[in-house]
Structure formats: structure tokens, C-alpha cells
Amino acid sequence: MTATLSIDDLTVRLPVDGGVVHAASGVSLDVPAGSVTALVGESGCGKSIAAAAIMGMLPEGAQVSGTITITTAGSAIQVVPDGGAPDRFRGRVAALIPQSPSTSLTPVRTARSQLQETIDTLGGTHTCEELAYRVGLESSALDLYPHELSGGMAQRVVLGAAIAADPAVIVADEPTSHLDRDLTDRTLSLLRELADAGAAVLLITHDLTSLLRTTVTDTIAVMYASRIMEIGPAAEVFADPWHDYTADLLNALPSRGLHPIPGSPPSLTNLPSECVYHLRRPSSTQSRGPTFLSSIGARTVRTRCEGARP
């Protein structure tokens, strides 16, 4: 089964004591079948909220507008804004590789029993041993309890569970955060293999070093303070970033000279309605005042509206 994931003008607001969290603001992104799109940016910019929205797992009380549509076999499944996901959706049509694997595993059952339950529930055809091999996990580790697993082992267990039923859409939320370089490369290669087999893969990460080191990613989407800053073919974005934030993000890498971005990303609570990157880089000509996403060929970049204040 193949599918295309389309996010159109997704805006998510989360009411909290003292204000409203601007978790996502007008996010639009397409992930075609057979491709890997990496959604990148610093921690706290809203990437994981996008993952939760795709899976119909937003917190109760979330205020949502826009649409998320998964089109497969000629039919379309709309996940938001009407909330939740249709029956038999999660795990079969779309699957999530969670950011915190330890909280996704039941502490009183072995990894094997939980993986087998996932296979049985979803109607998967793979065995536990097959899934363990695919994700680079020794089969003996399946007989351990979650507290006996390292962070990397737990990450691979939930990765195996995510692909148990061969979903058409895979949302990988920081899937390499607990892995060493070899396992990181193996996991990214597996995501590439799944895409080559027809899956639409959304890889959420802040690990630009791994993406630069591999040829896994087709498209890069850069996010800052709840907004998309730039989208384009990975090789082109890495070679010639069009947005100031993308350039600054890349220049902060050791391989690019290790030039840290001044300051920190802003809190998303009570965030202004306009792009705020100029607060960290006052010289930016693409922030301050109303902005929009401008597309030229395969590239998209956020820029100031004509007539916006300098």
C-alpha cells in the first residue's frame, strides 16, 4: 500500500494557564509516496505537535484548523481538524515512531510479548524475530523487560512495532535520538528502504549532522517557532539555504564552522502572530512584520510581505 501525506495550513493552539501555546502556525507540507521528508529545527519549535496532529493524537482541548489528508488507493482519509483518527487507521495506514520509547512500553511485560501483541492486533505478517533483525536488535533482547533495555534498544523495539503492519505513512519523531552513529545510520537506511518500497516517510529530527552524512532524505522542511521557514530538495537546501534561519542552523554545525545562533528559540506561549526570527537575528530581511511562503520551482521560502516594515 502506498499513500501521500498532505498537510494544508495546519494551525494548532493549546490553551494553558496564562495564555495560549502557538504550537503550529499555518504549516503546509506534502510527503509523496516513496519519499523521505525531514522536518528539522531546534527543539521546541513545534515539530512533534505536527507528528501528533498527523496521528490524531493532539491533547484534549487543542484548537485546530487546517487539514491533514492521507490519500491511498484512490480514497482520502482526513485526520484533522475534526479530531481523532478513523478506526483501523493507526499502525495500519499510518504509524508513529515515538520520541520517548520508554514511555511507550509497558514495564511489566517483555519486549517480545508487546511486539507480538502489536503484530496480532494489527494483523501483521512479520514475526518478532524478523522485525528485530530489520531494526538491528538481537533477538535475545526481545525477552528483556523495558527496564533492562538500553535507550537504543527500546528505540528499536518501538521502531519494530511501528513497521509491524507495513504502514503506508511513517512518522518518525526523533527516531535516532538514543542511538550511536552506526545504529543511527542503520535506522536512517531502514527509513530509506521503507520509502523506496512505497511508504511516505516524515522524519522529524534536529540531527542535521546525520542528514548531511547520508543520502536518505529527499526533501528538507525547516521549522522555527511554529512556522515553516523553508522547503526544498535536500541537496539544494544544504548547498544553498535561502532562509536566514536555515543558513544559521547549518553554520552552527561543527562541519560548517560551529557558529552558534545567538540566543534561544522563543517560548511558543503567547507567541506573536508574525514571524519572530528577527529577534535573534536583527539583520534578517525575511522576518519582522507579515510574512508568507514564496515558491520558486521546487523551493519554498518564507519572506516578508511587500510593504512590511523593515
Side-chain angles (χ1 to χ4, degrees), residues 22-25 27 29 36-51 99-100 151-152 155 172-185 187-188 191 201-269 271-272 274-288 291 293-294 298-304:
H22 292 222
S25 300
V27 174
L29 184 64
V36 177
T37 294
L39 181 60
V40 306
E42 295 165 285
S43 296
C45 67
K47 303 187 301 296
S48 292
I49 279 292
Q99 183 175 150
S100 301
Q155 184 69 57
D173 190 2
E174 301 284 2
T176 63
S177 58
H178 300 283
L179 307 182
D180 60 25
R181 175 168 175 169
D182 288 343
L183 285 173
T184 291
D185 289 347
T187 299
L188 293 177
L191 293 177
V201 178
L202 179 62
L203 169 61
I204 296 172
T205 184
H206 63 268
D207 186 5
L208 287 169
T209 298
S210 294
L211 298 186
L212 282 167
R213 193 174 64 237
T214 66
T215 57
V216 167
T217 308
D218 299 295
T219 301
I220 295 286
V222 182
M223 196 170 187
Y224 180 77
S226 84
R227 291 176 171 82
I228 295 292
M229 299 287 109
E230 180 169 358
I231 304 171
E236 294 182 24
V237 172
F238 285 143
D240 179 26
W242 284 5
H243 197 278
D244 295 335
Y245 176 62
T246 309
D248 289 346
L249 201 60
L250 291 170
N251 287 335
L253 297 174
S255 62
R256 299 288 181 98
L258 196 61
H259 304 289
I261 307 174
S264 302
S267 168
L268 300 185
T269 303
L271 197 67
E274 301 173 350
C275 178
V276 296
Y277 189 57
H278 65 280
L279 298 179
R280 291 181 75 183
R281 189 203 244 240
S283 62
S284 177
T285 61
Q286 297 164 306
S287 183
R288 197 187 309 268
T291 60
L293 289 172
S294 174
R299 304 286 298 269
T300 298
V301 65
R302 181 170 296 280
T303 191
R304 280 205 306 244

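The first residue in the sequence is number 1, and the count goes up from there.
Separation of atoms OG (S48) and CD (E174) is listed at 6.5 Å; rounding is to 0.5 Å. Separating the CG atom in D244 from the OG atom in S283 is a distance of 6.5 Å, to the nearest 0.5 Å. Rounding to the nearest 0.5 Å places NE2 of H243 at 12.0 Å from CZ of R299. With values rounded to the nearest 0.5 angstrom, S210 atom OG is found 6.0 Å from L188 atom CG. Separating the OG atom in S177 from the CD1 atom in I204 is a distance of 12.0 Å, to the nearest 0.5 Å. Separating the CE atom in M223 from the CD1 atom in I49 is a distance of 9.0 Å, to the nearest 0.5 Å.
In this structure a side-chain-to-backbone donor-acceptor pair under 3.5 Å is present from S287 to C275. Checking side-chain atoms of E230 against main-chain N and O of P241 turns up no donor-acceptor pair under 3.5 Å. Side-chain N or O atoms of R280 include one that pairs as donor or acceptor with a backbone N or O of G263 at under 3.5 Å. Listed for the D218 side chain is no donor-acceptor partner under 3.5 Å among the backbone atoms of T37. A distance-only check finds no donor-acceptor pair linking the side chain of S284 to the backbone of R281 [under 3.5 Å]. Under the 3.5 Å distance criterion, the side-chain polar atoms of K47 are left unmatched by any main-chain donor or acceptor of V222. No donor-acceptor pair closer than 3.5 Å links the side chain of R302 to the backbone N or O of Q286. Between the T176 side chain and the T184 main chain, no donor and acceptor come within less than 3.5 Å of each other.
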### Task
Would you please test R213 and D185 for side chain to side chain contact (heavy atoms under 4.5 Å, CB included) and show each step?
CA-CA 9 Å; R213 193 174 64 237; D185 289 347; 2.7 Å; yes
### Message
Run the side chain to side chain contact (heavy atoms under 4.5 Å, CB included) test on R256 and L212 for me, step by step, so that the C-alpha distance in whole Å, both residues' side-chain angles and the decisive distance to 0.1 Å come before the verdict.
### Response
CA-CA 11 Å; R256 299 288 181 98; L212 282 167; 3.6 Å; yes
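The two residues P175 and Q155 come nearest to each other via the heavy atoms O-CG, 3.1 Å. R288 and H278 get closest at one heavy-atom pair: N-ND1, 3.2 Å. Between P260 and A252, the shortest heavy-atom contact is CA-CB, 4.2 Å. Closest of all the heavy-atom pairs between S294 and T303 is CB-CG2, 4.3 Å. Minimum interatomic distance between P266 and V276 (heavy atoms only, all atoms of both residues): CG-CG2, 3.9 Å. Of all the heavy atoms in L250 and L208, the pair that sits closest is CD2-CD1, 4.2 Å.
The aromatic rings of Y224 and Y245 sit tilted relative to each other, their planes meeting at an angle between 30° and 60°.
Here the side chains of L271 and R227 are in contact, with some heavy-atom distance below 4.5 Å.
Checked options L211, T246, I231; the residue passing with I220 is L211 (criterion: side-chain contact (heavy atoms from CB on, under 4.5 Å)). Under the side-chain contact (heavy atoms from CB on, under 4.5 Å) rule, L39 has a single partner from T205, L203, I228, which is I228.
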